[in-house]
Asker: 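Below: one structure in structure tokens.
What you see is a predicted model, and the numbers here were worked out from it, not measured in a lab.
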Amino acid sequence: MTNILIKKFIKNYEDVKNSSVREAYGKLGSIVGIIVNIILSFSKISIGTIFNSIAITADGVNNLSDASSSIITYIGFKLSGMPADKNHPFDHARFEYLSGLIVSFAIILLGVELIKTSFDKIINPVEIDYSILMIIVLIFSIVVKIWLSHFYKILGERISSSTMIATSLDSRNDVIATSVVLVSIMIAKFTGLKIDGFMGIL
């Protein structure tokens, strides 16, 4: 799938030293990230709202944050692909690193906010309306995020992009986060223990 996307949307995809090709890799990764994360975000927020699950809703907000990060990454690659000018005699390549820094900062802020939300859930636990649809959405999200992490890793390694590799690790962390939500929901369903908040902090 990854190679199909690369061959279809990146002209001269093997010439990774070419700045325009490198930019195309970055744009492809960003656009795929935006589309995938918006779909996951919409599905999780909808399911979380319908079935009263703050954990799933928060996971959906996380995906929305990932979509925003992909937009920042897209802009970073777009700017980094600009040719050198009077004010930037060594071209604009540093914009990519700046976008990577912004993405990292956003991830840290999101982590802090999720800890706050999780702590509130420990103090004020809520009942969840269970549905097989919740489980299907979470498993689908895990599978998609595993692929997305692999996708970003391939792109990042091909063009030696720290931003793409960082995004790959973020997607891998999303797999862990969603798996934690899934496990906590299953434990709560079969044992009655409300551990969403504890699992969220973990």
Side-chain angles (χ1 to χ4, degrees), residues 1-44 59-111 137-179:
M1 178 69 170
T2 300
N3 287 326
I4 291 172
L5 289 172
I6 290 171
K7 290 176 182 178
K8 185 172 180 61
F9 293 105
I10 301 177
K11 187 178 180 181
N12 302 321
Y13 64 90
E14 293 181 337
D15 187 15
V16 293
K17 298 296 182 183
N18 186 310
S19 61
S20 62
V21 173
R22 195 172 192 282
E23 180 185 347
Y25 269 93
K27 287 180 178 178
L28 174 64
S30 300
I31 291 170
V32 169
I34 292 167
I35 293 170
V36 168
N37 283 302
I38 285 177
I39 291 171
L40 293 178
S41 176
F42 177 77
S43 61
K44 288 180 187 176
D59 203 26
V61 172
N62 178 31
N63 291 137
L64 191 60
S65 171
D66 291 338
S68 300
S69 297
S70 292
I71 292 171
I72 294 169
T73 302
Y74 180 89
I75 294 170
F77 272 99
K78 180 75 174 172
L79 293 174
S80 69
M82 294 169 60
D85 56 31
K86 183 179 178 180
N87 295 323
H88 304 88
F90 300 104
D91 69 38
H92 297 75
R94 288 192 180 128
F95 277 115
E96 183 192 337
Y97 300 115
L98 181 60
S99 68
L101 180 63
I102 293 170
V103 170
S104 299
F105 187 63
I107 292 167
I108 291 170
L109 284 179
L110 181 66
V137 167
L138 291 175
I139 291 174
F140 172 74
S141 175
I142 291 168
V143 171
V144 170
K145 278 291 188 172
I146 288 172
W147 173 80
L148 196 59
S149 177
H150 182 66
F151 172 74
Y152 282 133
K153 184 179 180 183
I154 290 174
L155 265 59
E157 289 177 347
R158 285 199 182 187
I159 63 172
S160 299
S161 169
S162 58
T163 300
M164 282 292 169
I165 291 172
T167 308
S168 169
L169 293 173
D170 183 42
S171 293
R172 183 202 64 187
N173 291 342
D174 288 342
V175 171
I176 297 170
T178 303
S179 297

Asker: Which pairs with one or both residues in residues 64-75 pass salt bridge (charged side-chain N to carboxylate O under 4.0 Å, His left out), sequence neighbours excluded?
Answerer: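 Residue pairs with at least one partner in residues 64-75: D66-K145.
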Asker: Tell me every residue that passes side chain to side chain contact (heavy atoms under 4.5 Å, CB included) with I165, counting only those two or more places apart in sequence or in another chain.
Answerer: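 Once residues adjacent in sequence are excluded, I165 has no partner under the side chain to side chain contact (heavy atoms under 4.5 Å, CB included) criterion.
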Asker: If the condition is side chain to side chain contact (heavy atoms under 4.5 Å, CB included), which residues does Y25 pass it with, not counting sequence neighbours?
Answerer: I6, I10, Y13, V16, V21, L155, R158, I159
Asker: So do N62 and T178 actually touch side chain to side chain, heavy atoms under 4.5 Å?
Answerer: no
Asker: Looking at residues at least two apart in the chain, or sitting in another chain, which of them share a salt bridge (charged side-chain N to carboxylate O under 4.0 Å, His left out) with K153?
Answerer: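 K153 satisfies salt bridge (charged side-chain N to carboxylate O under 4.0 Å, His left out) with no other residue.
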Asker: Of all residues at least two apart in sequence or in a different chain, which pass the salt bridge (charged side-chain N to carboxylate O under 4.0 Å, His left out) check with K44?
Answerer: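 Only D59 meet the salt bridge (charged side-chain N to carboxylate O under 4.0 Å, His left out) criterion with K44.
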Asker: Restricting to side chain to side chain contact (heavy atoms under 4.5 Å, CB included), what partner residues turn up for I38, sequence neighbours left out?
Answerer: I34, A67
Asker: Any side-chain heavy atom of V175 within less than 4.5 Å of one from S171?
Answerer: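 No, too far: nothing below the 4.5 Å cut-off.
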Asker: Mind checking what makes side-chain hydrogen bond (donor to acceptor under 3.5 Å, both in side chains) contact with R172, not counting sequence neighbours?
Answerer: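 None.
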Asker: Considering only residues two or more places apart or on different chains, which pairs with a residue in residues 6-15 satisfy salt bridge (charged side-chain N to carboxylate O under 4.0 Å, His left out)?
Answerer: none
Asker: Test of understanding: with side-chain hydrogen bond (donor to acceptor under 3.5 Å, both in side chains), list the residues that count as partners of S20, not counting sequence neighbours.
Answerer: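 side-chain hydrogen bond (donor to acceptor under 3.5 Å, both in side chains) check on S20 returns N18.
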Asker: Report the residues that fulfil side-chain hydrogen bond (donor to acceptor under 3.5 Å, both in side chains) with S168, sequence neighbours left out, ordered by chain and then residue number.
Answerer: S149
Asker: Which residues pass the ring pair (Phe, Tyr, Trp, His ring centres under 6.0 Å) test with F151, sequence neighbours left out?
Answerer: W147
Asker: Rounded to the nearest 0.5 Å, how far does CG of N63 lie from OG of S69?
Answerer: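 That separation rounds to 11.0 Å.
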Asker: Using the side-chain hydrogen bond (donor to acceptor under 3.5 Å, both in side chains) criterion, which residues pair with S65? Sequence neighbours excluded.
Answerer: none
Asker: Any side-chain heavy atom of T2 sitting closer than 4.5 Å to one from L5?
Answerer: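 They are not in contact (no side-chain heavy atoms under 4.5 Å apart), so the answer is no.
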Asker: Do L169 and Y152 have side chains that approach each other closer than 4.5 Å (heavy atoms only, starting at C-beta)?
Answerer: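 The answer is no, as the side chains (C-beta and beyond) never meet within the 4.5 Å cut-off.
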